[in-house]
Amino acid sequence: MHFISEQLLDDGVLAREFTLGETPGTLWTPDSAAPVPLILMAHNGGLHRREPRLVARARYTAAQGYAVAAIDHPGHGDRPRSAADEQARADLRRAMRAGEPVDEIFESFVGPLVEKAVPEWRTSLDALLALPGIGGPVGYAGMTAIGIRLAVAEPRIAAAGFFAGGYVPRAQREEARQVTIPLLFLLQWDDEGNPRQRALDLFDAFGSKEKTLHANPGGHVGTPWFEVEDGDRFFGRHLK
């Protein structure tokens, strides 16, 4: 892991940009003398780690006493897009304008993204836990499709908060039964791009004995800020 810049923010959080092989990322850490828990914060498909809502959540969470890390997934943020990525995005825009079904397009895009991104998250986790000042346990917050696979594959993940707004491929819907860690699942009740019943079925499928569903009225980007505060209390119960 190579740090390329750092900035001390006005809330006392230190933000550092890093690269790990071809993977760029950001690490936010609090001013703490003791090792702090780590939360991996993943953006949804199509976004990047500098997306303002993610940065706001990361800074708030770090100020509460966590190390928070985000990376750009393949084909996102600072990383180049492949021809297949560009074609999938073009197909998706065309289908949405025409009012056509988009599930198969999402399958062709999100499924491969999960396969590529999860190994990078695990490599990043190895490097992050080797840094001074970062201990365990480890939490995950963000994109559900990647989070499901990571929770199944990575025993170091102790708790997770999933956002129900992104498409979850069929393979991850099946894998959801293998997820047994404590979960907080956030659902926007009127999400225009995510069928409500599919999200409810996914919540039901999770194998976790402790799982909580928070549903709020509003569209895809309308998750209220108090859910970030509730998320801090959720992670506090399981990581501190």
Side-chain angles (χ1 to χ4, degrees), residues 40-49 51 53-54 57 70-77 79 81-121 140-154 157 160-179 183-208 211 213-223 227 231:
L40 309 178
M41 195 166 284
H43 56 70
N44 275 333
L47 301 179
H48 53 79
R49 72 185 193 280
E51 197 276 326
R53 288 173 297 162
L54 186 148
R57 293 198 306 270
I71 62 174
D72 279 335
H73 298 151
H76 293 70
R79 304 181 68 174
R81 293 181 180 178
S82 67
D85 290 336
E86 296 289 6
Q87 185 61 54
R89 285 177 168 86
D91 291 344
L92 182 60
R93 289 192 295 269
R94 178 196 55 77
M96 292 180 71
R97 284 196 301 267
E100 297 173 356
V102 295
D103 280 8
E104 293 308 316
I105 300 174
F106 274 123
E107 283 285 336
S108 70
F109 176 69
V110 181
L113 175 62
V114 171
E115 298 297 332
K116 295 174 186 175
V118 168
E120 293 186 350
W121 271 115
Y140 172 92
M143 183 177 179
T144 301
I146 287 175
I148 289 172
R149 171 62 62 82
L150 194 59
V152 171
E154 182 50 73
I157 304 294
F162 292 159
F163 292 92
Y167 181 82
V168 178
R170 288 184 286 269
Q172 276 65 66
R173 284 178 244 163
E174 288 297 321
E175 286 180 320
R177 305 181 190 283
Q178 302 175 49
V179 175
L183 290 180
L184 176 62
F185 196 54
L186 301 183
L187 171 63
Q188 284 302 101
W189 202 245
D190 308 299
D191 193 327
E192 55 275 17
N194 184 39
R196 183 188 305 164
Q197 191 58 51
R198 180 184 291 172
L200 295 174
D201 290 343
L202 179 61
F203 177 76
D204 190 52
F206 288 125
S208 304
K211 55 183 179 180
L213 171 68
H214 286 189
N216 290 283
H220 185 71
V221 297
T223 303
E227 290 293 3

Worksheet item: Just checking, Lys211 and Phe185: is the charged tip under 6.0 Å from the six-membered ring centre and within 45° of the axis?
Response: no
Worksheet item: To the nearest 0.5 Å, what is the distance between CG (Leu92) and CZ (Phe109)?
Response: 8.5 Å
Worksheet item: Atom CG in Leu202, atom CD in Gln197: separation rounded to 0.5 Å?
Response: 11.5 Å
Closest approach of [X] and [Y], non-hydrogen atoms and distance?
X: Ala70; Y: Trp121; result: CA-CH2, 3.9 Å
X: Arg173; Y: Val168; result: NE-O, 2.9 Å
X: Leu54; Y: Met41; result: O-SD, 3.9 Å
X: Trp189; Y: Pro217; result: CB-CA, 4.1 Å
X: Ala95; Y: Pro101; result: CB-O, 4.2 Å

Discussion item. For Pro74, give me all partners under side-chain contact (heavy atoms from CB on, under 4.5 Å), at least two apart in sequence or on another chain.
Written reply: Arg79, Leu113, Lys116, Ala117, Glu120
Applying salt bridge (charged side-chain N to carboxylate O under 4.0 Å, His left out), name anything that partners [X], two or more places apart in sequence or on another chain.
X: Asp201; value: none
X: Arg94; value: Glu100
X: Arg196; value: Asp190
X: Glu227; value: none

Would a 4.5 Å heavy-atom cut-off, applied to side chains only, mark [X] and [Y] as touching?
X: Val102; Y: Met96; answer: yes
X: Leu213; Y: Leu184; answer: no
X: Arg198; Y: Asp103; answer: yes
X: Leu186; Y: Phe162; answer: no
X: Leu187; Y: Asn194; answer: yes

Partners of [X] by side chain to side chain donor-acceptor pair (under 3.5 Å), sequence neighbours excluded?
X: Arg93; value: none
X: Asp191; value: His220
X: Gln178; value: none
X: Arg170; value: Glu104

Listing, residues 140-154 side-chain donor-acceptor contacts under 3.5 Å, not counting sequence neighbours, or none:
| residue | atom | partner | partner atom | Å |
| --- | --- | --- | --- | --- |
| Tyr140 | OH | Met143 | N | 3.4 |
| Tyr140 | OH | Met143 | O | 2.6 |
| Tyr140 | OH | Gly147 | N | 3.3 |
| Thr144 | OG1 | Phe163 | O | 2.5 |
| Arg149 | NE | Glu175 | OE1 | 3.1 |
| Arg149 | NE | Glu175 | OE2 | 2.8 |
| Arg149 | NH1 | Glu115 | OE1 | 3.3 |
| Arg149 | NH1 | Glu115 | OE2 | 3.2 |
| Arg149 | NH2 | Glu115 | OE2 | 3.1 |
| Arg149 | NH2 | Glu175 | OE2 | 3.3 |
| Glu154 | OE1 | Arg122 | NE | 3.0 |
| Glu154 | OE1 | Arg156 | NH2 | 3.1 |
| Glu154 | OE2 | Arg156 | N | 3.1 |
| Glu154 | OE2 | Arg156 | NE | 2.8 |

Worksheet item: Taking it one step at a time, do Thr223 and Arg53 satisfy side-chain contact (heavy atoms from CB on, under 4.5 Å)?
Response: CA-CA 10 Å; Thr223 303; Arg53 288 173 297 162; over 6 Å; no
Item to complete: For Tyr167, enumerate each residue passing the ring pair (Phe, Tyr, Trp, His ring centres under 6.0 Å) test, keeping only those at least two apart in sequence or located in another chain.
Response: Phe106
